[in-house]
Amino acid sequence: MTGEGASRGDAPGDALAAAMARVALGDRDAFAEVYDAMAPKVLGVTRAVLRNPSLAEEVAQEVMVELWRQAGRFDPSAGSVGAWAATIAHRRAVDRVRSVRAREDREDRVAAGENRTAYDEVSEQVLQHDDETRVRAALGGLTELQRETVLLAYWGGRTSTEISQRLGVPVPTVKTRLRDGLARLRADMSRQDADLPGPTAAGAPSGRSERSQRSVRRTT
Amino acid sequence: MSEHDLTAAYAVDALTPEEALRAEQHLAGCATCRAELAELREVLADAIAPATPSPAMRERVFAALDDVEQLPPAPSVDETRPDESRPEPPGRPKPEGSPDELSLRRDRRLAQGRSQGRSQGRSQGRPGGRRWLPAVAAAAAAVLVAGAALSGWAALRWREEAQHAQEVALAIAQVASAPDAVTVVAQNDGAQWASTHVMASAELGEAVIMPTGVSEAPRGHDWQLWWVTGSSARPAGLLSGGTPEVLEGAPDGATAVAVTLEPAGGSSAPTTTPVAVYPLGA
């Protein structure tokens with residue numbers, strides 16, 4: 001598999017995009033194909049964010065029905081079926097986790113030590129129980145601060161404002177860490193895709209990204 | 001921090017609804033950021049470890065398909081139009097945010113609209129108002145059917161309307177599936193408002209109104225919705241004829257939803273006696 005930017009032109013992806021076109025016309029066999037390919041990813045997203053397995057499955061189920069409903073809107077030129085499904089799944093999961101959290105926060109005021117706990121939980125789940133070694137490797141390339149921020153945002157479903165409060169840093173710093181962290185993640189993962197030994201992925205000249213990475217490490 | 005820098009936070013859904021809107025406006029006009037967003041979404045999707053769904057989930061999903069009105073594929077005449085509002089390949093300018101962004105704005109607003117510190121004590125045990133869904137789907141479908149015969153600018157206009165109907169339908173589905181969803185009827189059931197209901201979820205901080213048999217407001221006027229708290233009222237948007245609508249803003253402790261007839265475009269405070277009042281308290 002070669003990761004080349006937004007639309008990864010690998011054959012399974014093309015077949016899936018073609019299946020989506022048939023799903024849009026109400027073809028259930030095509031949806032079965034999409035379901036089998038996408039449900040594990042969608043559940044992976046909702047479980048990462050929601051953690052409660054039954055809630056995660058409930059939301060994943062809603063998302064899969066959404067894929068059926070919105071199939072006519074899927075545009076293969078805008079990205080892969082996987083990215084489309086994961087985007088919808090993440091939004092749904094985040095929406096739900098914020099709802100649940102708002103209720104919990106009302107019932108039980110935030111305890112002093114929660115900052116650490118929230119991050120530890122997310123971190124532990126992603127980095128220790130996550131069997132995707134490439135993810136671990138990619139996140140491993142981030143600075144500690146970037147990793148913490150990316151984990152709290154994508155896996156923890158936190159807003160940048162919440163992260164700012166939890167980590168005690170200004171909101172713009174959170175956004176900068178997200179930007180730099182995701183840029184790093186992207187570079188690392190496309191390097192893994194390309195299976196190259198050096199940091200030359202995504203068109204970055206060799207050495208340059210390493211250097212900027214170090215400067216990020218110093219300044220954030 | 002420039003608008004470009006919002007893309008990453010947008011990609012991980014870490015923005016407030018206001019920021020997300022700003023990001024979307026920026027994305028609509030910035031091919032570089034759209035390309036970056038597309039790439040980040042691929043990366044994030046890749047970064048998630050898949051999980052194994054239960055066979056029961058598969059059964060439930062397939063069983064649910066019967067009740068779901070699919071959005072129609074974009075009309076083929078539109079496929080090649082340069083002003084198509086569907087997302088285009090990175091690098092080409094496009095006039096609108098991509099559909100998923102637009103449709104998901106509703107999700108964000110819902111997330112944001114959740115009121116803080118509202119009493120949970122009056123949550124009703126009623127399982128969500130799913131019976132509304134067919135009606136809503138029908139309303140959305142009516143818009144779609146009406147648009148199917150159009151072309152050119154009319155088709156674009158129709159697409160906007162369809163998009164809105166779609167957003168409303170999604171919001172209604174969310175309110176309906178909230179565990180604390182309640183459906184209320186008008187206190188003062190004036191003739192044409194007797195069959196119109198408001199469905200609300202305190203947990204989501206959202207309410208939707210489902211007009212039935214409501215006529216268009218007289219020429220030069222609009223039906224306006226209000227959040228009522230005690231003796232004060234906050235604007236909650238306009239109601240256009242017989243289409244379901246999501247109330248704008250959050251209840252923030254509102255005790256009722258009211259409808260008044262206002263000069264076209266609405267007022268900042270009610271200027272007439274409400275034609276319908278929907279008590280939100282249990």
Side-chain angles (χ1 to χ4, degrees), chain A residues 5-6 8 24-26 28 35 39-41 43-45 47-48 57 60-61 64-65 68-73 75 77-80 82-84 86-88 90-92 94-95 98-99 102-103 106 130-132 135 138 150 153-154 158-161 163 172 175-176 178-179 182 185-186 189, chain B residues 1 5-9 11-16 19 35 38-54 57-58 60-62 64-65 68-74 86-90 98-100 103-104 107-108 110-111 114-118 120 174 177-178 203-204:
Chain A
R8 310 202 161 179
L25 300 170
R28 288 190 183 221
Y35 183 95
K41 181 61 81 177
L43 183 63
V45 172
R47 195 172 279 181
E57 189 162 291
Q61 186 183 323
M64 292 313 297
V65 175
W68 163 265
R69 200 173 69 85
Q70 296 192 29
R73 286 185 178 188
D75 181 349
S77 68
S80 70
W84 184 66
T87 299
I88 293 175
H90 192 259
R91 291 263 174 101
R92 271 297 166 104
V94 161
D95 201 31
R98 286 178 191 163
S99 156
R103 188 171 57 228
R106 281 196 296 274
D130 208 307
D131 52 6
E132 286 249 321
V135 179
V150 169
Y154 194 72
R158 305 277 168 174
T159 64
S160 45
T161 310
I163 297 170
K175 288 176 184 160
T176 306
L178 279 176
R179 184 196 61 195
L182 289 185
L185 185 62
R186 179 172 62 174
M189 291 194 60
Chain B
M1 167 147 290
D5 297 320
L6 290 177
T7 306
V12 291
D13 297 314
L15 296 176
T16 64
E19 291 173 319
E39 278 195 41
L40 289 178
R41 282 178 170 169
E42 300 288 343
V43 168
L44 290 166
D46 266 7
I48 289 283
T52 309
S54 68
M57 172 175 150
R58 194 178 205 278
R60 283 194 300 267
V61 168
F62 278 80
L65 301 185
V68 176
E69 190 85 22
Q70 276 189 300
L71 297 178
R86 285 164 66 81
E88 295 179 8
S98 62
D100 67 315
S103 67
L104 287 160
D107 288 322
R108 302 188 147 270
L110 284 168
R114 275 170 201 123
S115 54
Q116 306 294 318
R118 282 176 67 87
Q120 293 296 302
Q174 292 194 345
S177 57
E203 185 189 316
L204 288 179

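Order of the sequence lines sets the chain letters (A, B, ...), proteins ahead of strands, with each chain counted from 1.
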For B:Ser54, which atoms come within 4.5 Å of any heavy atom of chain A: side chain, backbone, both, or neither? both

With a 4.5 Å cut-off on side-chain heavy atoms, are A:Ser160 and B:Glu19 touching? yes

Point-to-point distance, once rounded to the nearest 0.5 Å, from CZ of B:Arg58 to CE of A:Met64: 9.5 Å

What pair of heavy atoms forms the shortest contact from B:Asp13 to A:Arg98, and how long is it? O-NH2, 2.6 Å

Among B:Leu65, B:Thr52, B:Val61, residue most engaged with chain A (heavy-atom pairs, under 4.5 Å): B:Leu65

Shortest non-hydrogen pair, A:Ala24 vs B:Gln70, comes out as O-OE1, 3.9 Å

When you measure from the side chain of A:Glu57 to the backbone N and O of B:Pro53, does any donor-acceptor pair fall under 3.5 Å? no

Quick check: closest heavy atoms across B:Ala45 and A:Lys41, and the distance to 0.1 Å? O-NZ, 2.7 Å

Are any non-hydrogen side-chain atoms of A:Lys175 and B:Leu15 less than 4.5 angstrom apart? yes

Rounded to the nearest 0.5 Å, how far apart are CG of A:Leu178 and CG of B:Leu6? 10.5 Å

Can you see which heavy atom on B:Met57 is nearest to which on A:Ala39, and at what distance? CE-CB, 4.4 Å

Output yes when a side-chain donor or acceptor of B:Glu42 lies under 3.5 Å from a complementary backbone atom of A:Ser80, and no otherwise. yes

Evaluate the side-chain proximity of B:Ile48 to A:His90: yes if any heavy-atom separation is below 4.5 Å, no if none is. no

My understanding is that only residues two or more places apart in sequence, or in another chain, count here; which of them pass side chain to side chain contact (heavy atoms under 4.5 Å, CB included) with B:Ala11? B:Leu37, B:Leu40, B:Leu44

Heavy-atom cut-off 4.5 Å, strictly under: side chain, backbone, both or neither for A:Tyr154 against chain B? both

